[in-house]
Amino acid sequence: MPIRCEIVSQDRIVFQGDVDIVVLPGAEGVMGILPNHSPLLTVLQYGIITVRSQGNEENFTVAGGIAEVQPDQVTVLADAAENVEEIDIRRAEMAHKKAEEILKNGVAPDTDSYLTIQAALKRSNLRIDAAKRFRQRRR
Amino acid sequence: MSSAREMRMRIRSVKNIAQVTRALETVSASKVRKAMQAVTATRPYAEKAWKVIVHIARQPGSGTLHPLLTERKEIRKVLVLLLSSDRGLCGAYNVNILRETLLHFRYLGKPVSYVSAGRKGRDLLLRRGQKVVADFSHLPSPPSYMDVSAIGRVAVEAFLNGEVDQVFLAFTDFHTMVKQEIVIRQLLPIQVELAQPGVKGFNVTHKMSNAVFIYEPDQDEILSNVIPRFTALQIYQAILSAQASEHAARMIAMRNATDNAQDLIRELQLDYNKARQQAITSDMLDITSGAEALNK
């Protein structure tokens, strides 16, 4: 029996389909969700969501958000998410450099802009890591 | 009858106006398309988020789960978020939303305070002697998440402090280019309705469930994270929709203005031509009668 998985970010549907297992980066560790899981609501960390169905595996980066689990479905409300295959490494690296530069020049901590840049840095790191890890293995 | 020179100037100025309104129409047409895309793009997320909220709210004992989900027994004060535009020249857009909102809350018999997003709405509210507690004008389009969460925070804090017992959101919902509808929706506490099967709606559930959620990290933390965020999301969607409506309203208003200007130009041109012809005829009469008088 498959479980329905839907990953949506603020501006689009990133993934939807019936899968065998969903692996989520939950607040208290990575967890694999199988069909008939009891209802669960969790905050997501920055990390990778993996969905597997009949031997196919797809990986998504997720930059925080919420996941809701019902016995027959998993809904991921991501702050930002994308398929690992879609990641533009050049862009991620540029974003990484830019964020580091701005941080080096000094931004007052605990301001909104500081937090925004920190988040951007974390996001770009995540993307670069994910792209390297999951694309190399395939080759 | 005004002089020919005056008429020529009048025609020229009306033509200029028509040119300006046509340009504004084109600009609004492209903006409305962009705003529409923004609305449709965020729709799946909003739908799924509602689904999660409905699932949370249909658990047993959900009435006391979180203060933002709890209806208060006594409603003493009400807060309304009114979304309007910063700029005019959009027909009856701002007047309509204000009139509907004032009418809706007039018969409530409870003190109402307003938070306005949009300069025009704020000005109209103040002119009508309403109480405006906060104002968020000049939001960019699309609004940034920070602006929206600031608005959400004002609403959530006023509700949690007990300053108000209900928060409403009044905005113009975008359906199509020619159809926009004024919606006044309860924002806080979040309402989920239990309805018969067949009844559809974003906040409708057909059965209460016995299953209780497991929360990670823990219930309070996660609900305090999810629900205010969800409130902000609703405001975000409403703002996008209101912006699309504003541009559509401006486009229609400008198209009407262009049409009217064209009609006026046609009339003025006809008058001008008649006057010119008459002047020529009378000149010719003068000349011929003068020449005839000389010949005699």
Side-chain angles (χ1 to χ4, degrees), chain A residues 4-17 22-34 36-45 47 62-82 111-120 123, chain B residues 34 37-60 62 65-66 69 142-150 153 205 207-230 232-234 236-237 240:
Chain A
R4 179 103 189 135
C5 175
E6 286 166 336
I7 302 174
V8 288
S9 67
Q10 304 265 9
D11 52 354
R12 70 200 172 107
I13 298 173
V14 180
F15 174 82
Q16 56 180 346
V22 184
V23 181
L24 299 170
E28 280 164 15
V30 177
M31 52 187 159
I33 308 290
L34 292 166
N36 271 328
H37 196 285
S38 59
L40 172 110
L41 197 60
T42 181
V43 176
L44 294 180
Q45 293 182 341
V62 59
I66 312 155
E68 188 224 10
V69 177
Q70 291 282 324
D72 57 346
Q73 60 186 349
V74 178
T75 310
V76 177
L77 300 173
D79 291 349
E82 72 224 313
T111 56
D112 276 348
S113 56
Y114 180 77
L115 294 177
T116 320
I117 293 162
Q118 281 270 306
R123 263 203 311 277
Chain B
K34 237 194 233 154
Q37 274 166 3
V39 173
T40 15
T42 54
R43 197 163 281 155
Y45 187 89
E47 274 169 14
K48 301 289 180 260
W50 261 116
K51 201 172 74 181
V52 172
I53 291 290
V54 168
H55 287 162
I56 292 173
R58 72 180 189 195
Q59 295 176 91
S62 64
L65 210 56
H66 193 272
L69 289 171
S144 74
Y145 186 72
M146 249 188 273
D147 292 324
V148 176
S149 59
R153 207 148 48 212
T205 179
K207 58 174 189 346
M208 293 311 271
S209 130
N210 302 322
V212 178
F213 272 103
I214 307 167
Y215 298 93
E216 256 182 55
D218 63 74
Q219 178 175 323
D220 281 346
E221 195 169 317
I222 198 165
L223 289 181
S224 304
N225 179 348
V226 170
I227 297 174
R229 192 140 51 143
F230 179 67
L233 171 71
Q234 276 194 72
Y236 184 71
Q237 272 248 307
L240 288 181

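Sequence lines set the chain letters: A, B, ... in the order given, protein chains first and strands last, and positions in each chain run from 1.
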Does some side-chain heavy atom of P143(B) sit less than 4.5 Å from a side-chain heavy atom of Y236(B)?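 Of all side-chain heavy-atom pairs linking P143(B) with Y236(B), at least one is under 4.5 Å.
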
Decide, yes or no, whether a salt bridge links E6(A) with K51(B) under the criterion of side-chain N to carboxylate O below 4.0 Å.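 Between K51(B) and E6(A) there is a salt bridge, with a charged N closer than 4.0 Å to a carboxylate O.
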
Measuring heavy-atom distances to chain B, does [X] have an atom under 4.5 Å in its side chain, in its backbone, in both, or in neither?
X	value
A78(A)	backbone
Q16(A)	neither
V76(A)	neither

Whether the side chain of T40(B) engages the backbone of Q37(B) through a donor-acceptor N/O pair (distance < 3.5 Å, no angle test) should be reported.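 Looks like yes, one N/O pair under 3.5 Å.
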
Can you say whether R229(B) sits under 4.5 Å from chain A via the side chain, the backbone, both, or neither, judging by heavy atoms?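 The side chain, not the backbone.
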
What are the two closest non-hydrogen atoms of A67(A) and L24(A), and how far apart are they?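 Closest approach of A67(A) to L24(A), heavy atoms only: CB-CD1, 3.8 Å.
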
Rounded distance (nearest 0.5 Å) linking atom CD of E68(A) with atom NE2 of H55(B):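 The distance works out to 5.5 Å.
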
If you count heavy-atom pairs under 4.5 Å between each of L41(A), T42(A), V8(A) and chain B, which one has the most?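 When all of L41(A), T42(A), V8(A) are compared, L41(A) has the most.
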
